[in-house]
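For reference, the structure discussed in these notes is given below.
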Amino acid sequence: MSKSRNGENPRSVALVGPQGSGKSTLFDALMEATGATVKRPADPRNRPATTTIRVGHCSFLDEAWSILDCPGSIEFAHEVHAALAMVDIAIVVCEPDPARATTIAPLLRALSGELVPHIVLINKIDTFDGSVADVIASLQAYAGSPLVLRQMPITESGRIGGYVDLMSERAYRYRKGQASELIRIPESMAAEEAAERGRLVETLADRDDALLEKVLEDIRPTPEELYLDMRKDLLAGAVIEVMLGAGEATHGVRRLWKALRHETPTTAETCDRKGIDADGPPLAQIFRTEYAGHTGKLSYARIWRGEIKDGVTLGGTRLGGIYHFVNGELSKSPACVAGDVVALGRLDGVATGATVSPGAVPEQLPFPPAPTPVYALAVTTTDRKDDVRLSDALRKMAEEDPSLTVTQDHETGETVMHGQGEMHLLNAIEHMAKNYNLKMTTRRPSIAYRETIKAPVHEHGRLKRQTGGHGQFADVKINLAPRERGAGFLFVDKVVGGAVPRNFIPVVGEAAEDAAKKGPFGYPVVDISVTLVDGGFHAVDSSDMAFRTATQIAMREGLAKADPVLLEPIDRVTISVPNDLTPRAQRLLTGRRGQILGFGEREGWPGWDDVEALVPEAELHDLIIDLRSQTQGLGTYRRQFDHLAETKAPAKV
Ligand SMILES: Nc1nc2c(ncn2[C@@H]2O[C@H](COP(=O)(O)OP(=O)(O)O)[C@@H](O)[C@H]2O)c(=O)[nH]1
Ligand SMILES: [Mg+2]
């Protein structure tokens, strides 16, 4: 594509909002309105949930655009943050339901925090029969700046059939699949319309003295003055424009396009907002990585500066293809320019988030950090022969998705995937099954139980074997004693008079420590001391091997008699929720054997609480699932290992 036909740089917009609010449907409608073809799902009610950013390129009134359709589920929030770090503007697509306003609170917070200009679209207006003012009032509670209604709904026979644009003061009737029809403002609405426009003008006048003067002198501002103010305020994050629409019925889609066209910041303005120098060598930033079949690795990038031609060296690798997304297909281009969002081919070794420049190592632009994992699953192949392919697939998956990490548990031998929820991980498993032809099973990861002893014991281990000529002999007497929690393993030598020769003593120490790696319940034994107090040897038949075996015997028998107990890891867990849900969070924790430590205001989050508790790790596996289901998906938690505690839970070996 490169530059727009009118010579302007391409601009980009992200569609964000909760799952099911209609972003993907709106994406299709926006694309279709420009004449692009889109592949619509056979049944719109069965559109699969979006799990990765979908990019589309199109041209509206001779200007080039990239649209980024983002996932809605909180489990894929990292993709959303990555997209927001790239685009010129975001459209927050919401349900027309005041009760659902809380679900976009974190998003509105992130947008105002990161100063991304945004428009709120109250969607699904085709089936809405409530009050738009109520929806706005409920959203306002979570927004960082005043929401200003741009379009006033016209209700016809109980349904919203059109709108009055409050800036141009023109009225339109929606027509499915077509541009809306210009109509006269219904007379019954005149007074209400004047009041609503007055509110809009006043909000804009807050930041424009010339406009304020006109308001005071009762002079009517022109639509052009209002357009300019709206654009300026939107850019500064001082107001949030609210529009109405219905992607499915294509209501308000052209109106939205026009707003985007007038109000979306240019690449230069976005660079300015982000502190990226306008002058300098070409610059691009990778925001997503994908392994796409025969095309190989694709790095999605926003071009911030200059022009990048295919074949140049980026991040030490020769660029192997520049792709735009035209009509739902990858389309190869010889070059891309500032403003473009493209996929760059075969940039091996270039990670998601990296800033690249042809032939150079540029300063790295900030990129959203990967979120802390909240859910984990152990994964195994059903056929051991596939193990190598599994680790290769997992490495690529983790590279594609920074919010997915993989660890290898040496103690249990488990390969564990960590991520943002059940859907996130199962989605990754499904992707691997399909793209790498792997058969896998998953289960909850094992808990790292430990054991210790509660009573001191004296134990005697003796090896005496006579097999023909050369025999084996060793004799050890040890005291086993519990140590303080966290004190670890200690070996003490108290042998006197050479009962055990010096050269065998370290062997006994090592064998004792080794034997403690697996206690009577099958888990590592911690916090004990082993004191060698006495023993015996034979000048010919004693050996390292014999002393090792005798020590093992003493340890095995001694540990079993020393009142062994199982220890489970306890984590310090902090749940963050809107404070009306604090009691719920507390119940969730106490219901999981949690010991509440307290709660208080979450720092920097007015209206939110942090609830802190000590909770056994064994109870945390699906905490995030319950927490989200009880908090409309808003609750989050973090955890940290705190200590080991005795447990009555039966040992599962
Ligand atoms: N009534 C109505 N339903 C819509 C509209 N847009 C989308 N939907 C429905 O809302 C559901 C979710 O749509 P989708 O675009 O997948 O939402 P996303 O999760 O935000 O991408 C689907 O069943 C759509 O048919 C709309 O404008 N009006
Ligand atoms: Mg979607």
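Hydrogens, waters and symmetry mates play no part in the numbers below; they use all other heavy atoms, side chains included. A quick note: this is a predicted structure, and the numbers were derived from the prediction, not measured. First listed ligand is number 1; within each ligand, the first listed atom is number 1.
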Numbering as shown, the atoms of ligand 1 that approach [X] to under 4.0 Å (heavy-atom distance):
{"X": "Asp126", "answer": "1 (N), 2 (C), 26 (C), 27 (O), 28 (N)"}
{"X": "Pro44", "answer": "22 (C), 23 (O), 24 (C), 25 (O)"}
{"X": "Arg47", "answer": "14 (P), 15 (O), 16 (O)"}
{"X": "Gln19", "answer": "19 (O)"}
{"X": "Thr127", "answer": "1 (N)"}

Whether [Y] and [X] form a salt bridge (side-chain N of Lys/Arg under 4.0 Å from carboxylate O of Asp/Glu) is what I want to check.
{"X": "Arg45", "Y": "Glu248", "value": "yes"}
{"X": "Asp622", "Y": "Arg628", "value": "no"}
{"X": "Lys396", "Y": "Glu399", "value": "no"}
{"X": "Arg159", "Y": "Asp126", "value": "no"}
{"X": "Arg231", "Y": "Glu241", "value": "no"}

Do [X] side-chain atoms and [Y] backbone N/O form a donor-acceptor pair below 3.5 Å?
{"X": "Glu400", "Y": "Glu290", "answer": "no"}
{"X": "Gln151", "Y": "Leu244", "answer": "yes"}
{"X": "Ser21", "Y": "Pro18", "answer": "yes"}

- request: Using the salt bridge (Lys or Arg N to Asp or Glu O under 4.0 Å) rule, take Arg11 and Glu269 through it: C-alpha gap first, then chi angles, then the decisive distance, then the call.
  value: CA-CA 11 Å; Arg11 289 183 286 175; Glu269 284 168 325; over 6 Å; no
Shell of protein N/O/S atoms around the Mg ion (ligand 2), taken as anything under 2.8 Å: Ser24 OG, Thr50 OG1
- request: Give a yes or no on whether the ring-centroid distance for Tyr375 and His424 is below 6.0 angstrom.
  value: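 No, the ring of Tyr375 stays outside the 6.0 Å limit from the ring of His424, centre to centre.
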task: Count the heavy atoms of every other residue, nucleotide or ligand shown that sit under 6.0 Å from CD of Glu156, and state whether that count exceeds 12.
output: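 Yes, enclosed.
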message: Distance to the ring centre below 6.0 angstrom and angle to the axis at most 45 degrees; does that hold for Arg54 and Phe27?
response: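 The answer is yes, since Arg54 meets both limits relative to Phe27.
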Counting non-hydrogen protein atoms only, what is the nearest one to [atom]? Give residue, atom name and distance.
{"atom": "atom 10 (O) of ligand 1", "result": "Lys124 NZ, 3.1 Å"}
{"atom": "atom 24 (C) of ligand 1", "result": "Glu248 OE2, 3.3 Å"}
{"atom": "atom 17 (O) of ligand 1", "result": "Gly22 N, 3.0 Å"}
{"atom": "atom 15 (O) of ligand 1", "result": "Thr25 OG1, 2.5 Å"}

Considering distance alone, does some N or O of [X] sit under 3.5 Å from an N or O of ligand 1?
{"X": "Leu26", "answer": "no"}
{"X": "Ser21", "answer": "yes"}
{"X": "Gly20", "answer": "yes"}

